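Fair warning: this is a prediction, and the values are worked out from it, not measured in the lab.
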Amino acid sequence: MRELWDVFDQNRNLTGRFHERGRPMKKGDHHLIIQVWILNSEGKFLITKRVPSKSVWANLWHTTGGCAVAGDGSLKTALKETREEIGIILDPQNGQLFKSYSQPHDSDDGSAFYDVWLFKQKIDLSAIVYQPDEICGAKWAGKQEILRLIDEGAFFPTSEYTYLDELFAFCKL
């Protein structure tokens, strides 16, 4: 089944057009990507590990995220991606939109709007249910462990998380 995204203009206005995932985007076209950071009361983030069979960033640690499908807004996508990838139901009351920014694609002429969500919620690791074709591990990691994983090349590249210092400062880590 093909996945369709809403197409936004450079000012984040919906254009009324759709884009099929996997096809090159046109110059000036944007779509929405969300990233979800879940912080516990101990100052650690829930990070997940991608399965080794992924074609991009296989076997690397990262935070939950994904592309918004047509008709889904930012918060709905954050909740849905978390539920689909790790089986966790987040309470919307525990979340806040931490940051929004735009970044051009590396692979075509399109761009993405990124919405970064921060949820403060207690989650039992034993309650996590991995989506088998996406995720193979999960753990709580503090700032120093995430930075170590980045240095070791075991975490998504920092180009995907250009705001990490800002996030750590905001969370007082």
Side-chain angles (χ1 to χ4, degrees), residues 1-38 45-88 90 92 95-119 129-138 146-147 149-167:
M1 180 155 87
R2 61 186 197 150
E3 182 177 307
L4 296 178
W5 301 334
D6 285 316
V7 175
F8 297 84
D9 67 16
Q10 65 189 17
N11 297 314
R12 201 166 170 160
N13 297 310
L14 284 169
T15 64
R17 294 183 291 115
F18 302 101
H19 178 80
E20 184 176 344
R21 181 184 195 124
R23 295 184 175 237
M25 289 191 84
K26 298 175 189 171
K27 186 174 178 84
D29 284 355
H30 294 68
H31 68 108
L32 177 61
I33 298 175
I34 60 91
Q35 295 173 339
V36 179
W37 291 88
I38 302 169
F45 293 100
L46 181 63
I47 59 172
T48 56
K49 191 172 190 179
R50 286 169 65 96
V51 294
S53 60
K54 290 302 259 184
S55 61
V56 178
W57 299 321
N59 222 30
L60 294 183
W61 291 95
H62 73 311
T63 191
T64 300
C67 297
V69 297
D72 285 358
S74 182
L75 177 59
K76 182 176 182 179
T77 300
L79 300 173
K80 183 166 78 172
E81 288 292 327
T82 305
R83 186 182 70 248
E84 287 177 356
E85 288 187 9
I86 57 175
I88 297 297
L90 293 172
Q96 68 182 89
L97 183 60
F98 168 71
K99 184 172 187 70
S100 291
Y101 65 98
S102 177
Q103 187 169 307
H105 289 171
D106 293 331
S107 59
D108 62 27
D109 292 331
S111 297
F113 288 113
Y114 285 81
D115 280 356
V116 182
W117 285 89
L118 175 64
F119 284 82
V129 178
Y130 304 136
Q131 183 179 6
D133 59 339
E134 291 280 336
I135 304 298
C136 65
I146 291 171
L147 293 174
L149 290 168
I150 290 169
D151 287 345
E152 293 172 356
F155 203 88
F156 269 30
T158 53
S159 60
E160 292 299 305
Y161 303 120
T162 58
Y163 53 82
L164 268 182
D165 289 338
E166 188 179 346
L167 177 67

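- The main-chain N or O of G22 is never found under 3.5 Å from a side-chain atom of R2 such that the two would form a donor-acceptor pair.
- Atom CD of E3 sits in a crowded spot, with more than 12 heavy atoms from other residues, nucleotides or ligands closer than 6.0 Å.
- To the nearest 0.5 angstrom, R12 atom CZ is 9.5 Å from S102 atom OG.
- For the ring pair (Phe, Tyr, Trp, His ring centres under 6.0 Å) test with Y161, the passing option among F98, Y114, W37 is W37; the others fail.
- For the side-chain contact (heavy atoms from CB on, under 4.5 Å) with F119, the qualifying choice from L46, I88, L79 is L79, the only one to do so.
- A distance-only check finds no donor-acceptor pair linking the side chain of D115 to the backbone of S100 [under 3.5 Å].
- For Y130 against A138, the heavy-atom pair with the smallest separation is OH-N, 3.2 Å.
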message: D29 vs R17, test: side-chain contact (heavy atoms from CB on, under 4.5 Å). Steps then yes/no.
response: CA-CA 10 Å; D29 284 355; R17 294 183 291 115; 2.7 Å; yes
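- Expressed to the nearest 0.5 Å, how far OG1 of T64 lies from CZ of F45 amounts to 13.0 Å.
- Here the side chain of N11 pairs no donor or acceptor atom with the backbone of N13 at under 3.5 angstrom.
- Although no hydrogens or angles enter the test, the distance criterion places a donor-acceptor pair under 3.5 Å between the side chain of D108 and the main chain of M25.
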- request: May I have the step-by-step check of side-chain contact (heavy atoms from CB on, under 4.5 Å) for D133 and Q131, ending in yes or no?
  value: CA-CA 6 Å; D133 59 339; Q131 183 179 6; 3.2 Å; yes
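- Heavy-atom minimum distance, E160 versus Y163: O-CE2, 4.2 Å.
- In this pair, F8 and F113 present their aromatic rings perpendicular. The plane angle is above 60°, beyond the 30 to 60° band.
- Tested against F156, the residues T63, L149, L60 include a single side-chain contact (heavy atoms from CB on, under 4.5 Å) partner, L60.
- Between atom CG of residue L4 and atom CZ of residue R21 there is a gap of 11.5 Å, rounded to the nearest 0.5 Å.
- Across all non-hydrogen atoms, the minimal contact from V36 to A78 is CG2-CB, 3.7 Å.
- E134 pairs with exactly one of E81, K49, E84, K54 by the side-chain contact (heavy atoms from CB on, under 4.5 Å) rule, that one being K54.
- The structure places OG1 of T77 at 4.5 Å from CG of D72, a figure rounded to the nearest 0.5 Å.
- Between K26 and V7 there is no side-chain heavy-atom pair separated by less than 4.5 Å.
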task: Would you check, one step at a time, whether the test side-chain contact (heavy atoms from CB on, under 4.5 Å) holds for L90 with W117?
output: CA-CA 11 Å; L90 293 172; W117 285 89; over 6 Å; no
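- Here the side chain of H62 pairs a donor or acceptor atom with the backbone of T48 at under 3.5 angstrom.
- Taking 4.5 Å as the limit, some side-chain heavy atom of H105 sits within range of a side-chain heavy atom of H31.
- Taken from OG in S111 to CD1 in I33, the straight-line distance is 10.0 Å, to the nearest 0.5 Å.
- When every heavy atom of G73 is checked against every heavy atom of L32, the shortest pair comes out as C-CD2, 4.3 Å.
- Within the model, atoms CD1 of I34 and OG1 of T82 stand 6.0 Å from one another, a figure rounded to the nearest 0.5 Å.
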